[in-house]
Number of protein chains: 4
Amino acid sequence: MQPTQRLNAVPRTHAHAGVGGLAPNTLAEEAGVSNGTVYNYFRSREEVLEAVGLELAVQLSEQILTVSEAVESGAERLSIAVRTFMNKARTDPDWTRALITVVRYAEGMRSTLATYLRADLQAGRRQGDFHYAHEEMAMSMVISATLGAMNLLVEEGEVEHADRIAAEMVLQALGVPPGEAKRIAGLPLPGE
Amino acid sequence: MQPTQRLNAVPRTHAHAGVGGLAPNTLAEEAGVSNGTVYNYFRSREEVLEAVGLELAVQLSEQILTVSEAVESGAERLSIAVRTFMNKARTDPDWTRALITVVRYAEGMRSTLATYLRADLQAGRRQGDFHYAHEEMAMSMVISATLGAMNLLVEEGEVEHADRIAAEMVLQALGVPPGEAKRIAGLPLPGE
Amino acid sequence: MQPTQRLNAVPRTHAHAGVGGLAPNTLAEEAGVSNGTVYNYFRSREEVLEAVGLELAVQLSEQILTVSEAVESGAERLSIAVRTFMNKARTDPDWTRALITVVRYAEGMRSTLATYLRADLQAGRRQGDFHYAHEEMAMSMVISATLGAMNLLVEEGEVEHADRIAAEMVLQALGVPPGEAKRIAGLPLPGE
Amino acid sequence: MQPTQRLNAVPRTHAHAGVGGLAPNTLAEEAGVSNGTVYNYFRSREEVLEAVGLELAVQLSEQILTVSEAVESGAERLSIAVRTFMNKARTDPDWTRALITVVRYAEGMRSTLATYLRADLQAGRRQGDFHYAHEEMAMSMVISATLGAMNLLVEEGEVEHADRIAAEMVLQALGVPPGEAKRIAGLPLPGE
DNA sequence: CATGAATGAGACTTCATTCAT
DNA sequence: TATGAATGAAGTCTCATTCAT
């Protein structure tokens, strides 16, 4: 087993799991190793979830960073991030279900996401686009709204332009005026 | 045991629950009945959660309806609802944790909430306050953003005027212009 | 399951087991109940062992107390106790193996045995029969020597008058002069 | 680690026959080799324990033999042995815990100890100091009483002159009259 | 109907042993 | 030969569910 590499494999079992989808046994099976092997790399279930969560977060974050590398505007960067997550939800429901499940348990994942997010929020505020009263509440709202929208997509099926709609609402929530929010959310994704 | 009535008792044990915190055993104890009795009324844990969820939703919804009875504006009604939930999170963290846990499993709960919510969203749109591109996405975003904010309050501690901040962001997300959103979110709660 | 009653059942599996013979699973099977049932009565493996140990100790202690009820002499009482344990080893090897295994883990068992024992040691000393320099060491020696002798009996097979031989050595170890030790160890067991 | 014999087909998984601190992994680490290497020399955990036990026995036996080389009296030799073991328990608790654990599993160890011991017992008997009715029982009692005393020392803490007290009791158990036992147990250890 | 002891599947974890390198 | 990652059986424990009373 090359742990980091193999654990990238998304826990597909979770697709139909309530509680057990993140059982070490299940995760081991996903990774194609036997149950005991997991404990050569992690000391407990919690550590495993943490690692899986981080991995999921890093995967997408890197993708987003690549895409928004040249973008200066915090609002645009945030829009790109939200839309990228939404598109991932459309194209990879299994990955998304794993993300949604794991995010509840993986503190490290949340802080990783928060780090990226905070930078964009602060940039957007400096640039006069965002006007929020409380940064933590703003971050919480961005994260939970996006995850909620991803969940909707995954559970209820396709919505046209779901990525733009979600980005627009998030931008508006942060104080971007409706017209401007629509414009930013409608920009072509770099590299598309 | 009169199931609906007795299950009003909030599952306090859930306070320290990871995955299984809403065990039938626990719920039975909360309700003051023995574990086996639960299965005279519900066929499975899932049904119990469903009932608990409904109960929680109805409890708060009734409270909100009472408060916003005389309010015509959909935007104001929604603001009242969001703020009432937020204030509940501040004053009853145990209840809130139960809500957050249960909402994941209780489909019926989500539809109950959605019914109330949809009415307000549609009213707000008719009245020219809300401008959303997709009703389901709008509902999902209101619910998940509010729950996310409640969770922040419960897990990370007090935030001043958390209720207004949350309501303001939700209103903005739905297309209410920033100034107007601030005004509505800042209205005194009826009955206060 | 009537726990106390059923757990009297000696873990026969232990016959060929290391630690595994005292696995809750095994003990449950011995008691004729399913594994989960054990945890309705005990909170952990340790508590189970403690209970089994106590049970074993109490079983034999009561028998010994009945036999030596009318005996005033501490030396005679101790002799009776040692011989009763030895005879138990001869007639019930399974019980004895369980005892020997459990005594290693069950603190409560050791203190129960120690309580009975200490009374006899102190009586014997008051009566001028025992002369030991350190009570804890004396108790340790009585217990370990007796268990060692029981183990010999169980693993290596019968020894004629093993009970008297063991009692004699123990009495001598405690300072009873050889002739007197032989006499006391040779007294007929009350009730025989 | 010295090669003994080659590996053959072996029955699998006695997992959790576990013995704290004497896991092959631990022993390998102690020996400064990797876990797999152990199995180039021993076929099973049991064989390893056997070897470790022998080693421990030989270590101390040689020390004792050196000390009591010039001593003719079996009783004195036995006293020296018991006291040397007791002093080892005081000065090296880790070694002692290992000994106590291993002695349960290592048949070869017990026979090695028994060989040395038997010689002293028989000498003491020939010399008119020991009077025991059954040699195996006598050996069992000497070994288990000494180990019990060592265990007491290790687990419950220091006892003054524990070595002499233990030796005295053991000698008395073997029929040495109290006064004489005290004298022998109190002799200065050769080389001290 | 209510009870609560019993059930047993399955979660988490350990560790003796194997085997490809 | 040495290595150490991988293995998987078995151990400890939880909890949703059943059932005799």
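Just so it is clear: chains get the letters A, B, ... in the order the sequence lines come, proteins before strands, and each one is counted from 1.
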Checklist entry - Residues two or more places apart in sequence or in another chain: which of them pass side-chain hydrogen bond (donor to acceptor under 3.5 Å, both in side chains) with D/E155? => result D/R97

Checklist entry - Which whole-number value in Å describes the distance from C/L27 CG to F/dA10 P? => result 17 Å

Checklist entry - Within this structure, what is the CZ-to-P distance between A/F42 and F/dA5, rounded to whole angstrom? => result 13 Å

Checklist entry - Looking at residues at least two apart in the chain, or sitting in another chain, which of them share a side-chain contact (heavy atoms from CB on, under 4.5 Å) with B/A106? => result B/E50, B/V102, B/M109

Item to check | With sequence neighbours excluded, residues passing side-chain hydrogen bond (donor to acceptor under 3.5 Å, both in side chains) with D/N25 | outcome: D/N35

Checklist entry - Can you tell me if CD on D/Q59 sees more than 12 non-hydrogen neighbours from other groups inside 6.0 Å? => result yes

Using a cut-off of under 3.5 Å, enumerate the N/O to N/O pairs linking the protein to nucleotides 17-21 of chain F.
{"unit_1": "F/dT17", "atom_1": "OP2", "unit_2": "B/Y39", "atom_2": "OH", "d": "2.9"}
{"unit_1": "F/dT17", "atom_1": "OP2", "unit_2": "B/R45", "atom_2": "N", "d": "2.5"}

Item to check | d(CD, B/E29; P, E/dT3) in whole Å | outcome: 13 Å

Next on the checklist: For A/E47, give me all partners under salt bridge (charged side-chain N to carboxylate O under 4.0 Å, His left out), at least two apart in sequence or on another chain.
Outcome noted: A/R43

Checklist outcome for this item: Those residues at least two apart in sequence (or on a different chain) that pass side-chain hydrogen bond (donor to acceptor under 3.5 Å, both in side chains) with C/E107 are C/R110

Item to check | A/Y41 OH to F/dG4 P, straight-line distance once rounded to whole Å | outcome: 12 Å

Checklist entry - Stem ranges for DNA chain E, with three or more consecutive Watson-Crick or G-U pairs under 3.5 Å? => result E:2-21 with F:2-21

Next on the checklist: Among residues at least two apart in sequence or on other chains, which ones pass side-chain hydrogen bond (donor to acceptor under 3.5 Å, both in side chains) with B/N151?
Outcome noted: none

Checklist entry - Under the side-chain contact (heavy atoms from CB on, under 4.5 Å) test, which residues partner C/L54, sequence neighbours left out? => result C/T112

